[in-house]
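Lettering of chains follows the sequences in order, A, B, ..., and the numbering in each one begins at 1. The model shown is predicted, which means the values in this text are computed figures rather than measured ones.
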There are 2 protein chains.
Amino acid sequence: MARMRTQTYQIQRDFILAKAAALFAQRGYTATSMNEVADACGVSKPALYHYVQDKHDLLVRICERHIARLVQVVEEVEAQGLAPQQRVCVMVQRFVAEYAEAQNEHRVLTEDVKFLETDDQQRVLDGERRVVKAVAQALSELRPELQQAQLVKPLTMLLFGMINWMFTWLRPGGALTHAAVAPMVTDLFFGGIDAIRAAERPAST
Amino acid sequence: MARMRTQTYQIQRDFILAKAAALFAQRGYTATSMNEVADACGVSKPALYHYVQDKHDLLVRICERHIARLVQVVEEVEAQGLAPQQRVCVMVQRFVAEYAEAQNEHRVLTEDVKFLETDDQQRVLDGERRVVKAVAQALSELRPELQQAQLVKPLTMLLFGMINWMFTWLRPGGALTHAAVAPMVTDLFFGGIDAIRAAERPAST
DNA sequence: CCTACCGATCGGTAGG
DNA sequence: CCTACCGATCGGTAGG
């Protein structure tokens, strides 16, 4: 059936995207050859090109799929209608869960986004902005005085720094899990917000 | 004089390392050609090879110089004999200052360290461990109960996450400076530490 | 879907 | 003899 073939095609392509993400995460996009991708997938190079247009297409699909999932998480959590602080806590927990099960894709997204063409890069950055904005919005609702002091953006980015940097030190399979670190991040963050004084806000523009 | 010639040689090489770091940070190590490095430096390729052994040597020197400066910062601050919390605050402030004036090198260190040979990579990672250990040590002194709950390492890495991620969102020349964010980071961190409860510590091994 | 290739460009080095 | 380079091109390999 045509339906079957399409399904098999999708499954095979997802498999290829996962294998490619692993190679890109390990060796970097530029340093990874299409021959290596084909070998890792157990297919010939021409077969590989049956599932992806070119090497760049591979990178675009990996990045777009990952950022799309994060955007979806944001929309799902927003639809829950939670109070601001709880909303941030749930978002952080779910972001970290996504990172945990897509570590290669996360690494590719953070390190190889510079190799995307302008249009593709813009689309990915729009997604990232959407995700950041959701957290910043919740923070503004929780503490309007932070918004007034122009502290929401930097604080939001410090929060993302804590979770986005996790892939560099949190080894998969270790005693410390992503799920265990997520509440540490939000406890640290909300516990510390009060300590940020207005005197330290950036010069007004 | 031989002294003069050596000095000129050093200056020229430092210039090359800075230009190469800028290109590596922008395009990535693998995607940057030695021709591009030579062009950016205004020298011929054979001239470039007079100052560096090969492309790999370029990467090693950039990474080693940057991590060496961070290690030196750690040793200088430790020699000041400050109380633990103040020690961490000064270290963070000085790390951020280093990042601010060596943004390209910092980006290369975080993104291209995977292209180093095993020996060179090990030496760089040793330096990074030395830097992390200095902060973790101060944190253990400040709150021995965190050490007991195995929270020092994760908390230290969350702190580094906040500052190491800054290069992705803090635009040079913007209204918000590295110097302004450093105290925000330490205020947030020390203000939040109390909120980390023992109940959230990772499962003991 | 494979073997066999291409235009181009890579890192590195020859002779002068 | 040394150093500090230049114009030209090497052997191999990348994506396709």
> In residues 13-25 of chain B, which residues come under 4.0 Å of DNA chain D by heavy atom?
Replying inline: none
Only pairs under 3.5 Å count here: list side-chain donor-acceptor contacts from residues 162-169 of chain B, not counting sequence neighbours, and write none if there are none.
unit_1	atom_1	unit_2	atom_2	d
B/N164	OD1	B/Y99	OH	2.5
B/W165	NE1	B/T168	OG1	3.3
B/T168	OG1	B/W165	O	2.7

May I have the list of side-chain donor-acceptor pairs in residues 40-54 of chain B shorter than 3.5 Å, sequence neighbours left out?
unit_1	atom_1	unit_2	atom_2	d
B/S44	OG	B/A47	N	3.3
B/D54	OD1	B/H56	N	3.3
B/D54	OD1	B/D57	N	2.9

> Looking at residues at least two apart in the chain, or sitting in another chain, which of them share a side chain to side chain contact (heavy atoms under 4.5 Å, CB included) with A/L142?
Replying inline: A/P84, A/Q85, A/F190
>> Suppose you measure atom C1' in C/dT9 against the same atom in D/dG11; what distance do you get, rounded to whole Å?
In response: 13 Å
> Would you call B/R130 and B/E78 a salt bridge, using N to O less than 4.0 angstrom?
Replying inline: yes
>> If we ignore hydrogens and angles and just use 3.5 Å, is the side chain of B/Q103 paired with the main-chain N or O of B/A100 as donor and acceptor?
In response: yes
> If you draw a 6.0 Å radius around NZ in B/K55, do more than 12 non-hydrogen atoms from other residues or ligands fall strictly inside?
Replying inline: yes
Nucleotide N/O to protein N/O under 3.5 Å, stretch nucleotides 10-12 of chain C:
unit_1	atom_1	unit_2	atom_2	d
C/dG11	OP1	B/T32	O	3.1
C/dG11	OP1	B/K55	NZ	2.7
C/dG11	OP2	B/M34	N	2.9
C/dG11	N7	B/K45	NZ	3.2
C/dG12	OP2	B/Y49	OH	2.9
C/dG12	OP2	B/K55	N	2.9
C/dG12	N7	B/K45	NZ	3.0
C/dG12	O6	B/K45	NZ	2.5

>> Around atom NZ of B/K114, are there more than 12 heavy atoms from other residues, nucleotides or ligands closer than 6.0 Å?
In response: yes
>> Check the phosphate of D/dC5 against B/S44, side-chain N and O only, distance under 4.0 Å to OP1 or OP2. Yes or no?
In response: no
> Which ranges of DNA chain D pair up as stems, where a stem means three or more consecutive Watson-Crick or G-U pairs with both distances under 3.5 Å?
Replying inline: none
> Looking only at side chains, do B/Q80 and B/E76 share a donor and an acceptor under 3.5 Å apart?
Replying inline: no
